[in-house]
Asks: 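Handing you this structure, nothing more for now.
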Amino acid sequence: MESYDVVIIGAGLAGLQCACLLAERSFRVLLVDRKASLDRSIHTTGIFVRRTLEDFSLPEDCLGPAVRHVRLYSPARRRMDLASQHDEFRVGRMGLLYQRYLNRAICAGVEWLPSSKFIDCTKLKIGMAIRLEDRSGARVIRTRYLVGADGANSRVAEALDLDRNHEWIVGVEEVFENVPLAGPPIFHCFLDPGIAPGYLAWAVHDGEQVHIGVGGYAARFDPVKALNQFRASLTDILDLRNAHFIERRGGRIPVGGVLRRIANADGLLVGDAAGAVSPLTAGGLDPCLRLSVFAARVIGEYLETGNPQALAAYSGQLFRSRFVSRLWMRRLIAVVSSPLVLEMGCGLMRLPLLDSFARHVFFGRGSFPDLQPSPAPEPVGFT
Ligand SMILES: Cc1cc2nc3c(=O)[nH]c(=O)nc-3n(C[C@H](O)[C@H](O)[C@H](O)COP(=O)(O)OP(=O)(O)OC[C@H]3O[C@@H](n4cnc5c(N)ncnc54)[C@H](O)[C@@H]3O)c2cc1C
């Protein structure tokens, strides 16, 4: 049976980041994904916030032009403009970015196993036996430690008997090119419970690409119908007549906050699998990078010392305490289903106090609690 120090299930940003860091510490790492190629079935818009852009060295050519302007719309389409002096957002070219992370991982010694699905795992006297399935059938490999980076609906979490996500919103979006932009790159955000119940509809235009999407609680809307309705309502904002359609993306976003039990002696969870998404903004890219840095550190220490105490710091319960206000705000947003109430809320947002709250949500640096010890700046390791 092939044997590894760490097997990582899922080559999204969380799994890729964790794989790179562990291999760079000379562990023998196997990275597994059910996808044949990482530029397929991308589900994220890929908006990176300033805090991530400052703390992580993402390859420049995998990022679109910077966005400094946000326009917030009420249900009646009253506008409120927020502008920053900083480059607040950049939309990742995600297929290319995943590939660059994968190249970095392979250069660091990670073994890459695409087109292979995690089925389950069994505890051995030492380590775990992992059962995978590909087109030619099942295979079993051995590992000292298992990492679940397999997204919002994590099978690894279930197999390891760790906590699982229960609260979601769903998002669907379309990506276009060749859309004229009059003015600076801009992020349009629409608060409208009709097309985005419990979340937002968005249209982000960075001058090269436009992403148009809706998100909300699945039980309260039909995402594809809402997206069609939303796109059709944008004629005053975007000229899509000569737009070139690139792809449709979508998926679940866990918004219940970081799960409590995300590690045990057999394995741990990172990224969406750990619920590491801001419950308020539903941004998960910064949390997944940050949590994976921490996870790699904890796993390294555990495997090097064999001391289970090393895992104690990797507790969702500890992170959750720093999420409390965002979880309450998520609950508040979830129950507001009346356009009138939301309209009033948007009106209040013009008051100085709430205006600074809106600025804090869009331009603040609080998408995920800083982990202790905080992640060191990353070495540039991309090829
Ligand atoms: C429509 C939408 C838009 C979003 N936009 C943004 C945004 O703009 N900014 C932001 O910060 N966040 C955004 N998010 C959230 C963000 O995309 C996620 O939090 C982040 O991508 C999670 O990364 P991950 O690596 O944890 O999981 P994923 O990217 O979901 O990766 C999981 C991987 O595991 C693989 N996998 C799953 N099950 C198995 C299995 N059984 N065996 C083998 N492989 C398996 C999958 O193929 C996948 O490659 C968005 C989410 C959605 C749905």
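Values below: every heavy atom of this structure, side chains too, minus hydrogens, waters and symmetry copies. Please read all numbers here as calculations on a predicted model, not as lab measurements. Just so you know, ligand 1 is whichever comes first in the structure, and atom 1 is the first atom listed for that ligand.
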Asks: With rounding to the nearest 0.5 angstrom, report the CZ to CD1 distance, F221 to I169.
Replies: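 It is 8.0 Å, given to the nearest 0.5 Å.
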Asks: Would you check the N or O atoms of E173, main chain and side chain alike, for any that come under 3.5 Å of an N or O of ligand 1?
Replies: no
Asks: So which bit of S41 gets within less than 4.0 Å of ligand 1, heavy atoms only: side chain, backbone, both or neither?
Replies: neither
Asks: List the closest protein heavy-atom neighbour of atom 34 (O) of ligand 1: residue, atom name, distance to the nearest 0.1 Å.
Replies: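 That would be G10 CA, 3.2 Å.
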Asks: Ignoring hydrogens and angles, tell me if any N or O in the side chain of R320 forms a donor-acceptor pair with the backbone of V258 under 3.5 Å.
Replies: yes
Asks: Of the side chain and backbone of A152, name the one, both, or neither that has a heavy atom under 4.0 Å from an atom of ligand 1.
Replies: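 A152 to ligand 1: no contact under 4.0 Å from either part.
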Asks: Going by atom types alone, do E173 and H211 pair a side-chain donor with an acceptor below 3.5 Å?
Replies: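 Present: a donor and an acceptor within the cut-off.
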Asks: With only distance considered, is R155 within less than 3.5 Å of ligand 1 through an N or O on each side?
Replies: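 The answer is no, given that R155 and ligand 1 share no N or O pair closer than 3.5 Å.
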Asks: Can you list the atoms of ligand 1 that are under 4.0 Å from a heavy atom of G271?
Replies: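 In order of numbering, the contacting atoms are 26 (O).
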Asks: Specify the protein heavy atom at minimum distance from atom 30 (O) of ligand 1: its residue, its atom name, and the distance to 0.1 Å.
Replies: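 Going by distance alone, atom 30 (O) of ligand 1 is nearest to H43 CE1, 2.7 Å.
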Asks: Give the residue, atom name and distance (to 0.1 Å) of the protein heavy atom nearest atom 14 (N) of ligand 1.
Replies: T44 OG1, 3.6 Å
Asks: Considering only protein heavy atoms, which is closest to atom 24 (P) of ligand 1, and at what distance to one decimal place?
Replies: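 Nearest protein contact, heavy atoms only, for atom 24 (P) of ligand 1 is A14 CB, 4.0 Å.
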Asks: For ligand 1, which atoms, with element, lie under 4.0 Å from some heavy atom of G151?
Replies: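 Within the 4.0 Å cut-off of G151, ligand 1 contributes 27 (O), 30 (O), 32 (C).
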Asks: Identify the protein heavy atom lying closest to atom 18 (C) of ligand 1, giving its residue, its atom name and the separation to 0.1 Å.
Replies: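 For this ligand atom, the closest protein heavy atom is D272 OD1, 3.4 Å.
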Asks: Within ligand 1, which atoms have a heavy atom of G171 less than 4.0 Å away?
Replies: 1 (C)
Asks: Out of G213, P254, A276, G251, whose heavy atom sits nearest atom 53 (C) of ligand 1?
Replies: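 Selected option, by shortest heavy-atom distance: G251.
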Asks: Does a side chain donor of either Q309 or Y302 reach within less than 3.5 Å of an acceptor in the other side chain?
Replies: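 No - no donor-acceptor pair under 3.5 Å links their side chains.
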Asks: Considering only heavy atoms from C-beta outward, does the side chain of E88 approach that of V67 to under 4.5 Å?
Replies: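 A side-chain contact under 4.5 Å is absent here.
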Asks: Under a 4.0 angstrom heavy-atom cut-off, which atoms of ligand 1 come close to K35?
Replies: 47 (O), 49 (O)
Asks: Looking at D266 and K123, is any side-chain nitrogen of the basic one under 4.0 Å from a carboxylate oxygen of the acidic one?
Replies: yes
Asks: Of all the non-hydrogen atoms in the protein, which one sits nearest to atom 31 (O) of ligand 1, and at what distance?
Replies: G12 CA, 3.5 Å
Asks: Roughly how far apart are I262 CD1 and S154 OG, rounded to 0.5 Å?
Replies: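 Between I262 CD1 and S154 OG, I get 11.5 Å after rounding to 0.5 Å.
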Asks: Taking heavy atoms and a distance under 4.0 Å, where does I9 meet ligand 1: side chain, backbone, both or neither?
Replies: side chain
Asks: Where is the nearest protein heavy atom to atom 42 (N) of ligand 1: which residue, which atom, and how far?
Replies: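 Scanning the protein heavy atoms, the shortest distance from atom 42 (N) of ligand 1 goes to F118 N, 2.9 Å.
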Asks: Regarding R77 and S233, do their side chains bring together a donor and an acceptor under 3.5 Å, going by distance alone?
Replies: yes
Asks: Can you confirm whether or not the ring centre of F89 sits under 6.0 Å from the ring centre of F48?
Replies: no
Asks: Would you compute the distance between atom CD1 of I47 and atom OG1 of T281 and round it to the nearest 0.5 angstrom?
Replies: 10.0 Å
Asks: Can you pull out the closest protein heavy atom to atom 32 (C) of ligand 1? Residue, atom name and distance to 0.1 Å, please.
Replies: A149 O, 3.4 Å
Asks: According to the interplanar angle, ranging from 0 to 90°, do the rings of H188 and Y73 count as parallel (below 30°), tilted (30 to 60°) or perpendicular (above 60°)?
Replies: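 Because their plane-to-plane angle lies in the 30° to 60° range, the rings of H188 and Y73 count as tilted.
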Asks: Under 4.0 Å, heavy atoms only, figure out whether ligand 1 is touched by the backbone of L13, its side chain, both or neither.
Replies: backbone
Asks: Under 4.0 Å between a Lys/Arg side-chain N and an Asp/Glu carboxylate O for R104 and E24?
Replies: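 Counted as a salt bridge, because a side-chain N and a carboxylate O are separated by less than 4.0 Å.
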Asks: If you measure every N/O of I47 against every N/O of ligand 1, is any gap under 3.5 Å?
Replies: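 Yes, I47 has an N/O under 3.5 Å of an N/O on ligand 1.
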Asks: Which option, G46, G284, S292, owns the non-hydrogen atom nearest atom 12 (N) of ligand 1?
Replies: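 That would be G284.
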